[in-house]
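Single-structure report; data block below.
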Amino acid sequence: MDLANARIRAERLRAEITRHDDLYYVRNRSEIEDHEYDALVRELAELESLHPELAASDSPTARVGSDIDARFPSAPHSRPMISLQNSYELDDVHAFVARLEKELPERKIPIAVEPKIDGVALALRYVDGRLHMALTRGDGANGDIVTENAAAFPEIPGCLHDGWRDVFDDRVDAFEVRGEAYLTLSRFRELNTEREEAGEEPLANPRNATAGTLKTLAVETVAHRRLSAFFYQLVPLAGELGLATHRDELAAIRSLGLPTNDFLRTAEDVAGLEAYLEELGSLRSSLDYQIDGAVLKVDDLGLHERLGSTAKAPRWGLAFKYPAEEAESVVESVTLQVGRTGVITPVAELRPVHLAGSTVSRATLHNWDEIARKDIRVGDAVIVAKGGDVIPKVLRVVTAHRGQGAVPIAPPLACPVCSTRVERAEGEVAYRCLNELCPAQVARRLRHFVGREAADVEGLGVRGIEQLLDAGFVRDVPDLFDLEFAALAALPGWGETSAASLIASLERSRERAWEQKIFALGIRMIGVTTARALAGRFGSIDELMAADVESLVAVEGVGRDVADVLVRHFANERARGVIDRLKAVGFLRDVEAVPEQESVPTDTWFAGRKVVLTGSYDAWSRSDAKKLVEARGGKVTGSVSRNTDAVIAGVSPGSKLDKARELGVRILDEAAFRILLEGGVIDDDA
Ligand code: IVH
């Protein structure tokens, strides 16, 4: 390839890789498999090495992907948080060992093998035994600060036990421990069952759910999800930790009270290495968490420094990726699904096939760019994989098995539900149905509106919504508030009790918090977190509708794209009509309830008081204690100031206690806290 063509190809590859990085690290979804991604990076690296003039310091080959998120403050890593070189073949493993032997000819090199957890990297900094800061990988140099969220993991201690210094023979006051946050498969399934019951969209897969949860602004949500973590690396912040091997490193992490993975083998030679890779591969399907491979590490930590790192990965380690569990099936037809905002998603209807513990008969095809890229046709034999996803995907076509009759899948000209013209907006991959009153869109909007995190209307599931639409009782969200008791009660399968309970639940929805009402409107790109940020800045729907792009982007976490969507939404005639009607029925108000004021008791000791929690309590986790305070009308804040009403000190309290003493803030122990929680009074209560 000549230089001009190589330049064009390299540009394309960079754009493509950057797009996939954004999908993976920021949007928490991916369109391609890891090995396809790696092939793109490899091709780019080869072009850059053939034509060094094409290399650029910001090339994806020179940096790790970034999950930096503007809603969180960020901080520099103590040492760059780099990645591992990926490999897919045993040949790569042999080459890794051969390279080590060449580099260190004078000695035997035992290699540790452990699972590669398919989660999200997390670094915890402990100073004087207290969790001082938690960081995500970010761009490798800086990470997002997620300390409160990390502290809400059941297994991450806010304070280490008293003997923690002994683990390092008193060598250090501060250290960092790195690992991978993940969601167990059992908890993932539980959360999805809960969501299904509440009429919410399921979480797509455990990795994305973990990434999304870590970047949640509501710490209660993090606590509820019950994330887990395995830690595997200690980084001294000053001084030396005095550890000899990776095995010792994991034992030290465990002694600190942090979770480590049980599977660790140390191979003395290539045969042992291969045996352990196979052993772990066969254990994979029985684990309660997802692994996407094995990690090989030189066991002797002293050699790590000697071997060093490239900009992207250490020379002492290698990731060996296991292939995704796959099965062959046939695309029998393609159906089209219309989402809440009109996006049309093609879904392959497959000949049922058994895959990773369940029968698969449908797979998402994402969009028509994907279909074209993979050249998928109806009638094709295809390879499907579930990965961790609830909805399986079509990986590739088995072109050798393609018959004469395979029919290309054309993009839709009209909506499959209402036959209205569809459009593909510039710069978007999705085709959209333009009819906002399309029954499919309305049904999805209704499902969204009644969801637990939105208006929380009980007693109206998917089937009920269909009935209301079919009966012509409802054409859009506000019609819910005009439903009549007698007509509802007469619907098949309803009766007076169900009708009364739906009407009562709709009545209650008027008292939802303002942020939940914003979320309930179902505006594109406005999730729970953005809705909360908007509610904090604008006091009512009128204020929100009057906001221009500049004042919207001034809200933390709102970028220009979100601001544009909001401005466009509020300029839309149908949306304005919906809002007017929701005002008329009292769902939206001139002055909205901010969450803290919502049905908060005023007759408890905590009502209107600000408290700070420090240390650990015997009876409650910190996040439970927070909930108890909030349920009694109090506010829990993160730092002690003159405005703090009390500091609740548990075992091993942190510097907050010193600060409270310094400022003369009232200090309560666990016993006093319990008395107040139970509605009692304490002696020194003023
Ligand atoms: S060691 C210098 N060990 O996989 C990086 N990483 O693809 C050292 N991961 O960045 C990382 N399980 O986020 C290591 N047992 C394990 C791991 C693991 C999962 C993640 C981690 C890492 C990425 C590399």
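Here the structure is a predicted model, which is why all the values come from computation and not from measurement. Just so you know, residue 1 is the first one in the sequence shown, and it goes up from there. Order of listing sets the numbers, starting from 1, for every ligand and every atom in it.
- Distances from atom 5 (C) of ligand 1 to the heavy atoms of Asn86, Ile82, Asp118, Asp292 show the closest one on Ile82.
- In the vicinity of Leu84, heavy-atom distances shorter than 4.0 Å reach the ligand 1 atoms 6 (N), 7 (O), 24 (C).
- Checking only distances, Ile117 does come within under 3.5 Å of ligand 1, N or O to N or O.
- Taking the centre of each ring, Phe230 and Tyr289 come in below the 6.0 Å mark.
- Judged by distance alone, the side chains of His94 and Glu274 do bring a donor and an acceptor atom under 3.5 Å apart.
- Of the options Met81, Lys321, Arg137, the smallest heavy-atom separation from atom 22 (C) of ligand 1 is shown by Arg137.
- Of the listed options Phe263, Tyr232, Phe231, Tyr232 places a heavy atom closest to atom 11 (C) of ligand 1.
- At a cut-off of 3.5 Å, with distance as the only test, no side-chain donor of Arg130 or Ser655 sits close to an acceptor on the other residue.
- Considering both main-chain and side-chain atoms, Trp316 never comes within under 3.5 Å of ligand 1 through any nitrogen or oxygen pair.
- The protein heavy-atom contact nearest to atom 15 (N) of ligand 1 is Glu114 OE2, 2.8 Å.
- The main-chain N or O of Asp369 is found under 3.5 Å from a side-chain atom of Asn367 such that the two form a donor-acceptor pair.
- Residues Arg315 and Thr310 form a side-chain contact, since some pair of their non-hydrogen atoms from C-beta on lies under 4.5 Å apart.
- Residues Asp300 and Trp316 form no side-chain contact, since every pair of their non-hydrogen atoms from C-beta on lies 4.5 Å or further apart.
- Within the 4.0 Å heavy-atom shell around ligand 1 one finds Pro115.
- With respect to atom 23 (C) of ligand 1, the closest heavy atom belonging to the protein is Lys116 NZ, 3.5 Å.
- Taking every non-hydrogen atom of Ala121 and a distance limit under 4.0 Å, the qualifying atoms of ligand 1 come out as 13 (O).
- Between Lys297 and ligand 1, at least one N/O pair is under 3.5 Å apart.
- Counting heavy atoms under 4.0 Å from ligand 1, residue Val295 touches it through the side chain alone.
- Within the 4.5 Å cutoff, no side-chain heavy atoms of His366 are placed close to those of Val429.
- For the pair Pro314 and ligand 1, the shortest N or O to N or O distance does not fall below 3.5 Å.
- With contacts defined as side-chain heavy-atom distances shorter than 4.5 Å, the pair Phe168/Leu256 qualifies.
- Among protein heavy atoms, the minimum distance from atom 13 (O) of ligand 1 is reached at Glu180 OE1, 2.6 Å.
- The environment of Arg12 atom CZ is sparse: at most 12 non-hydrogen atoms of other residues, nucleotides or ligands sit within 6.0 angstrom.
- In summary, the side chains of Glu220 and His224 do not present any donor paired with an acceptor at a separation below 3.5 Å, with no hydrogens or angles considered.
- Distances shorter than 4.0 angstrom occur between a heavy atom of Ser83 and an atom of ligand 1.
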